[in-house]
There are 2 protein chains.
Amino acid sequence: MTKRIEREPAVPANPGESVTLIDVARVAGVAPMTVSRALHRPELVRSDTQKKVLDAVRATGYVPNMLAGGLASNRSKLVAILLPTIANSIFADTVQSLMDGLTSSGYQTLLGLTAYSTAREEALVEAILGRRPDGIVLAGTRHSDATVDRLSKAKIPVVEIWDLTDTPIDMVIGFSHEQVGTEVARHLFDKGYRKFGIVSVDDPRGLRRCESIKSELARLGVAEPAFEVLPAPATLQAGREGLGRILAASTPDIIVCSSDTLAQGVLAEAASRRLSVPHELAVMGFGDLSTAAHVYPALSTVRIDGITIGAKAAEALLARFAAVPRSEVVRTQVKIDTGFTIIDRQST
Amino acid sequence: MTKRIEREPAVPANPGESVTLIDVARVAGVAPMTVSRALHRPELVRSDTQKKVLDAVRATGYVPNMLAGGLASNRSKLVAILLPTIANSIFADTVQSLMDGLTSSGYQTLLGLTAYSTAREEALVEAILGRRPDGIVLAGTRHSDATVDRLSKAKIPVVEIWDLTDTPIDMVIGFSHEQVGTEVARHLFDKGYRKFGIVSVDDPRGLRRCESIKSELARLGVAEPAFEVLPAPATLQAGREGLGRILAASTPDIIVCSSDTLAQGVLAEAASRRLSVPHELAVMGFGDLSTAAHVYPALSTVRIDGITIGAKAAEALLARFAAVPRSEVVRTQVKIDTGFTIIDRQST
DNA sequence: CTGTTAGCGCATTCAG
DNA sequence: CTGAATGCGCTAACAG
């Protein structure tokens, strides 16, 4: 009965226990410190020593313990990301590009989901700071006082994304939701629409865009829009429901939605009611997710470049990490407006 | 927000440095170990001592260092999750419920994105094991030998989800993609369809479902389906493109898609070609995401209960964590088939 | 119920 | 270029 011969580690070290730097050092015939250097700063080690160490690493199956490393060096190589949710997330592109940037520099990602609750965010921030992350990325700029306080005192870079503020905790990369609302309103007004309906979920940033639309419309002398708010998360079904409610009470010529998903639901409902879009009813979304782009010729929207937001956030963090005197806490007040683009796909 | 007067910690501890357990102990007038206990095992501490400690924690602004705690206790309270991607992810529900379950027990989540690459998965597993997570969840059951080896030797629970296998690394919770394919094929055959088209992205599990459909159709004596594979990730645009290609060469009466997103793209393309669904062309998807559910009356699909998968995975992990002798590594061979449901929304 | 001792595995800091 | 001593902050194990 020949069992396949398993290549067991040449030197089993502490039987049953995990392999440590010391075990590797013993096998390689060098000091532990040399193993550490060979692994993290190979340029400081002669190449034959380097080779001995790498061989020993392979032979022992050593996996560095980053808890110990982080504790000793005070650098965890961990970045925390706090998002409201990942369900059909408008943040997917951003997270992907952010993680790509961080991963390729050896950083790992701790994920926290806040469900749009500042209380939950506060608890998560506290818990996560216990991991001593080297940096933290938050969606949004509205936080509880306690969160702001904790984050300000934590001596790590903080990036707030997908929004803008004049008083960032540290760095902020995003765009103005108020400006989105204002420009959407003006754009549609200029195109001649006068009877507005608005469908939103109760995401705080989405609501701010909606409020901004309403203010601008009021300023332009347009009648108060029909406004329906549905519970998050945005689903196609919520969009259908929203349009249904609006049509029960009014006959708008344009429906503005707080997200593309909602807008797609509105389109589905319009189709089932045999309303021709955009002729009888025009629809505007928000997000221009890559999954939806260019599919519904009648769907105008606001394009947000989530990839750039993620990439710039990664870049900003990495720049800070590289800055030499980590003790010297810098709050650079980086503020990047990534802007947005109104995409008009309606030929009214 | 007006700048409020910040309540500085009553006892600034080591000026500039971070507050440690020792600082808290000093302020509370107890031993460090008592602080640790008050925080983690309050039932072992007299309630007045407990109160002194909590006051001191608040006064100092202490945040426990979990790197140190993890190192000392050999329990990191970290669970790693490896997914292919989070873009319009079919895994969103699963991740959400998994994280809900873990978070409420004080576990935090390390996220890794593999992009459907086993090589990348291998690198991530190695890096992540360096954090000494208490458990790890992987999407899928197909991994490189090195990954399986590392994971088997790591003395932590491993849960493979969204698939099934007879040789799990440890625990597996999901359903059989082959079975999905077989049953979809039979279902559609029974409904009378004979001219099949299949649109998929090159996600390995999606492809396995498609292959299984093809085998079953062959077995049933149906003509070879038109088969179009597009690069991941699944987008509406990819669905449109896929249907376009298929119609260029054949005239199927049913299109089976590897995901709902793709199916929605197919529906969009069908609509733009004025094909009536399901009369002229029926469409079947996969996933039945909550965002899409019940919106396209003509879209049949396969419903997967991602929430249950996530919840059971969390439950399985927590059960293992609670098992007393952590040294005693158990590989329970938990194997849960969460099944799936074919949803027929076509009245052909 | 509380305190003491010891050390988790590694990197910093110096010395050679 | 390599090595030895020291401690990061915390908790296990035991003693009181």
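Just so it is clear: chains get the letters A, B, ... in the order the sequence lines come, proteins before strands, and each one is counted from 1.
- Between Ser36(B) and dC10(D) there is no side-chain polar atom (N or O) within less than 4.0 angstrom of OP1 or OP2.
- A donor atom on one side chain and an acceptor atom on the other are found under 3.5 Å apart for Ser144(B) and Thr147(B).
- Among the atoms of the strands shown, none is found under 4.0 Å from any heavy atom of Pro32(A).
- Look at CG on Leu21(B): it is 20 Å from P on dG7(C), rounded to the nearest Å.
- Closest approach to the Ala31(A) side chain among dA4(D), dA11(C), dG9(D) is made by dA4(D) (side chain taken as heavy atoms from C-beta onward).
- His143(A) and Glu160(A) form a side-chain donor-acceptor contact under 3.5 Å, judged by distance and modelled atom types alone.
- The listed nucleotides are dT2(C), dG9(D), dG9(C); the one nearest the side chain of Arg37(B) is dT2(C).
- The aromatic rings of Phe91(A) and Trp162(A) sit perpendicular, their planes meeting at an angle over 60°, well past the 30° parallel limit.
- Both Thr34(B) and Met33(A) sit near DNA chain C, but only Thr34(B) has its closest nucleotide nearer the 5' end.
- Donor-acceptor pairing under 3.5 Å, judged by distance alone, is absent between the side chain of Arg132(A) and the base of dG9(D).
- Residues Asp48(B) and Lys52(B) are not paired through a salt bridge, judged by the lack of any N-O separation under 4.0 Å between the basic side chain and the carboxylate.
- Going from atom CG of Asp48(B) over to atom P of dC1(C) covers 10 Å, rounded to whole Å.
- As rounded to whole Å, 10 Å separates atom P of dG9(D) from atom OH of Tyr62(B).
- Regarding contacts with the backbone of dT2(D), a side-chain N or O of Thr49(A) is found under 4.0 angstrom from either OP1 or OP2.
- The side chain of His40(A) approaches dA11(C) more closely than any other nucleotide in the set dC10(C), dT2(C), dA11(C).
- Of the candidate nucleotides dT11(D), dT2(D), dC10(C), dT11(D) has the atom nearest to the side chain of Ala72(B).
- Leu71(B) places its CG atom 11 Å from the P atom of dT11(D), with the value rounded to the nearest Å.
- Picking from dC10(C), dA11(C), dT2(D) the nucleotide with the shortest atom distance to the side chain of Ser73(A) gives dA11(C).
- Taking atom NZ of Lys155(A) as the reference point, atom C1' of dC8(D) lies 15 Å away to the nearest angstrom.
- Put simply, CZ on Arg41(B) is 14 Å from C1' on dT2(C), counting in whole angstrom units.
- Each of dC10(D), dG9(C), dG3(C) was ranked by its minimum atom distance to the side chain of Val30(B); first place goes to dG3(C).
- As rounded to whole Å, 14 Å separates atom C1' of dT13(C) from atom CG of Leu44(A).
- Sparse packing is recorded around CG of Asp145(B), with 12 or fewer heavy atoms of other residues, nucleotides or ligands lying under 6.0 Å away.
- Residue Lys77(B) contributes atom NZ, which lies 17 Å from atom P of dC10(D) at whole-angstrom precision.
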